[in-house]
Number of protein chains: 2
Amino acid sequence: MFSNSSKYAIKAVLFLAVNSSEDHRIMVKDMAEPINVPQAYLAKLLQELSRKGIISSKKGPKGGFFLSKENSQLTLMDVVNVIDADDKFNACLLSLEKCNADKPCPLHDLAIPSRSKLIHSLNQNSIKDFSMQIEQGKVFLPL
Amino acid sequence: MFSNSSKYAIKAVLFLAVNSSEDHRIMVKDMAEPINVPQAYLAKLLQELSRKGIISSKKGPKGGFFLSKENSQLTLMDVVNVIDADDKFNACLLSLEKCNADKPCPLHDLAIPSRSKLIHSLNQNSIKDFSMQIEQGKVFLPL
DNA sequence: TCCTAAATATGATTTTTATCATGTTTTAAA
DNA sequence: TTTAAAACATGATAAAAATCATATTTAGGA
Ligand code: FES
Ligand code: FES
């Protein structure tokens with residue numbers, strides 16, 4: 001479903017959403033272990049997310065990564081789109097050219113309705129929404 | 001969702017379901033192009049499927065691959081399980097140890113219900129069921 | 001029996017993804 | 001103004017997935 005990189009990015013962003021703020025930045029070395037991602041790889045991912053404006057960062061001593069108000073209004077779809085191919089969610093499950101409801105492949109009707117729901121959720125809920133759910137103990141972000 | 005190999009395997013099996021029979025076997029070179037899979041790679045996949053008893057084959061002149069009655073009673077889940085890792089459908093979307101409804105990750109409730117439905121469909125419908133849908137023109141198997 | 005056409009077995013190569021490593025730039029604080 | 005701590009940029013390596021290649025075995029037909 002998601003690439004490893006996407007999973008890492010999602011975990012990292014949600015971790016920042018819960019644990020960081022404009023004036024409490026988090027260093028890559030302090031989040032690698034909690035979210036269980038190889039530190040050097042995480043560093044690369046965070047830098048890319050930062051470059052693309054998904055997360056924010058500050059260099060130098062007392063620097064680190066954090067989510068601005070604007071960042072936390074983005075969606076997890078925004079996050080995933082930075083990492084994975086654009087058509088990830090539009091492709092036919094069997095890679096039959098384009099996924100097309102008028103000429104559905106044998107898996108289309110089984111899978112697409114649910115996939116659409118997931119896409120919708122990823123597009124609707126902001127990062128903030130997710131972090132609130134975590135803070136309310138409704139969902140969890142362990143390893 | 002599915003690996004490339006799984007997609008290829010599904011396409012190949014469904015192609016055989018529709019086009020082959022015990023006494024009308026199909027050679028790998030005759031199905032590679034129709035289902036749009038590199039011939040040598042397809043050969044390897046078909047051999048593995050055959051070894052695992054998902055499809056049938058006959059060597060030598062007039063040989064080829066086909067689906068026996070028993071083969072076509074298998075499910076697409078059986079096909080996928082030959083290729084992909086066993087826990088493919090049980091893993092947490094964010095790879096948080098085990099997917100666990102009691103301690104759901106932020107994506108669990110968004111994605112798992114639909115995934116369960118898909119799994120159920122893959123387990124319930126036989127290959128034969130799918131080939132009938134294709135023959136009835138309800139779904140399609142182009143490229 | 002011999003030839004040939006097919007699957008089978010096995011391994012090599014390529015491509016993609018994931019991971020690691022290291023030098024450069026920025027910035028807070030002494 | 002010097003130092004050090006952090007992100008940033010870039011490239012190298014490793015692992016996995018996909019693809020290609022080729023020698024071996026089986027079996028039908030001349
Ligand atoms: S046509 Fe294959 S998933 Fe839509
Ligand atoms: S806990 Fe993550 S998908 Fe179930």
Side-chain angles (χ1 to χ4, degrees), chain A residues 1-12 16 20 22-33 35-68 71 80 82-85 87-88 94-95, chain B residues 1-12 16 20 22-33 35-68 71 80 82-85 87-88 94-95:
Chain A
M1 174 70 84
F2 298 110
S3 70
N4 243 351
S5 294
S6 288
K7 292 177 187 175
Y8 292 170
I10 291 175
K11 291 203 284 182
L16 287 177
S20 82
E22 187 94 35
D23 46 273
H24 180 251
R25 303 181 273 273
I26 299 193
M27 295 181 290
V28 49
K29 70 172 174 187
D30 288 330
M31 61 186 297
E33 197 198 342
I35 68 175
N36 205 34
V37 176
Q39 177 170 333
Y41 194 38
L42 177 60
K44 208 173 204 180
L45 281 174
L46 290 175
Q47 282 163 30
E48 185 175 4
L49 290 169
S50 172
R51 205 169 342 111
K52 298 280 181 62
I54 307 293
I55 67 179
S56 304
S57 68
K58 187 107 196 273
K59 276 186 177 183
K62 300 283 173 187
F65 295 94
F66 63 100
L67 255 58
S68 68
N71 291 150
V80 171
V82 163
I83 310 292
D84 287 351
D87 63 338
K88 169 136 204 167
L94 296 180
S95 302
Chain B
M1 175 72 82
F2 299 110
S3 69
N4 243 352
S5 295
S6 287
K7 292 177 185 173
Y8 291 170
I10 292 175
K11 291 203 284 182
L16 287 176
S20 82
E22 187 94 34
D23 46 273
H24 179 62
R25 303 181 274 272
I26 299 193
M27 295 181 290
V28 49
K29 69 173 174 186
D30 289 330
M31 60 186 299
E33 198 199 341
I35 68 174
N36 205 33
V37 176
Q39 178 170 332
Y41 194 36
L42 177 60
K44 207 173 203 177
L45 283 174
L46 290 175
Q47 283 164 31
E48 186 175 4
L49 290 170
S50 172
R51 205 168 346 108
K52 299 278 182 62
I54 307 294
I55 67 178
S56 305
S57 68
K58 188 105 196 274
K59 276 186 175 182
K62 299 284 173 185
F65 296 94
F66 64 100
L67 256 59
S68 68
N71 291 151
V80 171
V82 163
I83 311 292
D84 286 353
D87 64 337
K88 169 133 204 172
L94 296 181
S95 303

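Just the heavy atoms: all of them, side chains too, but no hydrogens, waters or symmetry mates, feed the values below. The chains referred to below are lettered A, B, ... by the order of the sequence lines, with proteins before strands, and numbering in each begins at 1.
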### B:Asp23 side, atom CG; B:Lys58 side, atom NZ - distance, nearest 0.5 Å
11.0 Å
Could you tabulate the donor-acceptor pairs under 3.5 Å formed by side-chain atoms of residues 39-46 of chain A, not counting sequence neighbours?
unit_1, atom_1, unit_2, atom_2, d
A:Tyr41, OH, A:Ser5, OG, 2.4

### Query
Do the non-hydrogen side-chain atoms of B:Met31 and B:Leu16 ever get within less than 4.5 Å of each other?
yes
### Task
Would you mind reading off the distance between B:Asn4 atom CG and C:dT15 atom C1', rounded to a whole angstrom?
12 Å
### Intermediate values then yes/no, side-chain contact (heavy atoms from CB on, under 4.5 Å), A:Lys7 and A:Ile10
CA-CA 5 Å; A:Lys7 292 177 187 175; A:Ile10 291 175; 5.8 Å; no
### Query
Just how far, in rounded Å, is P of D:dA16 from CG of B:Asp84?
15 Å
## Note on the structure
When rounded to whole Å, the CD1 to P distance for the pair A:Ile83 and C:dT17 reads 12 Å
### Task
Nearest whole angstrom, please: distance from the P of C:dA18 to the CD of A:Gln39.
19 Å
### Options D:dT19, C:dA18, D:dC8, nucleotide nearest the side-chain atoms of A:Tyr41
C:dA18
### Message
Expressed as a whole number of angstroms, how long is the span from A:Phe66:CZ to D:dA7:C1'?
### Response
12 Å
### Task
Report the residue (B:Gly60 or A:Gly64) whose heavy-atom-nearest nucleotide on DNA chain D is the more 5′ of the two.
A:Gly64
### Query
Over how many whole Å does the gap from B:Leu46 atom CG to C:dA9 atom C1' extend?
15 Å
### Message
Just to be sure I understand the geometry, which residues of residues 23-32 of chain A put a non-hydrogen atom under 4.0 Å away from DNA chain C?
### Response
none
### Query
Reckon A:Ser50 has a side-chain N or O less than 4.0 Å from the OP1 or OP2 of D:dC8?
yes
### Message
Can you tell me if A:Lys58 touches the phosphate of C:dA28, counting only side-chain N or O atoms and a distance under 4.0 Å to OP1 or OP2?
### Response
yes
### Query
Between D:dG28, C:dA21, D:dA5, which one does the side chain of A:Ala40 approach most closely?
C:dA21
### Task
Just call it for A:Lys44: base, sugar-phosphate, or nothing, with non-hydrogen atoms closer than 4.0 Å on any strand.
base
### Summary
For A:Glu22, the salt bridge (charged side-chain N to carboxylate O under 4.0 Å, His left out) test, sequence neighbours excluded, returns none
### Query
Where the side chain of A:Arg25 meets the backbone of A:Ser57, is there a donor-acceptor pair that is under 3.5 Å apart?
no
### Task
Output yes when at least one side-chain N/O atom of A:Arg51 is less than 4.0 Å from OP1 or OP2 of D:dA7, else no.
no
### Query
Under 4.0 Å between a side-chain N or O of A:Ser57 and OP1 or OP2 of D:dC8?
yes
### Query
Got B:Gln47 and B:Val28 here, is their nearest side-chain heavy-atom distance under 4.5 Å?
no
### Query
To the nearest 0.5 Å, what is the distance between CZ (A:Phe66) and OG (A:Ser56)?
4.5 Å
### Query
Between C:dT25, C:dA5, C:dA21, which one does the side chain of A:Lys59 approach most closely?
C:dT25
### Message
Nearest to the side chain of B:Pro38, heavy atoms from C-beta on, is which of C:dA18, C:dT25, D:dC20?
### Response
D:dC20
### Message
Whether A:Ser5 contacts C:dA18 is assessed here as follows: a side-chain N or O lying under 4.0 Å from the phosphate OP1 or OP2. Is that the case?
### Response
yes
### Task
Whole angstrom is fine here: how far is it from NZ in A:Lys62 over to C1' in C:dA30?
13 Å
### For atom CZ of B:Phe65 and atom C1' of C:dT8, their distance in whole Å
8 Å
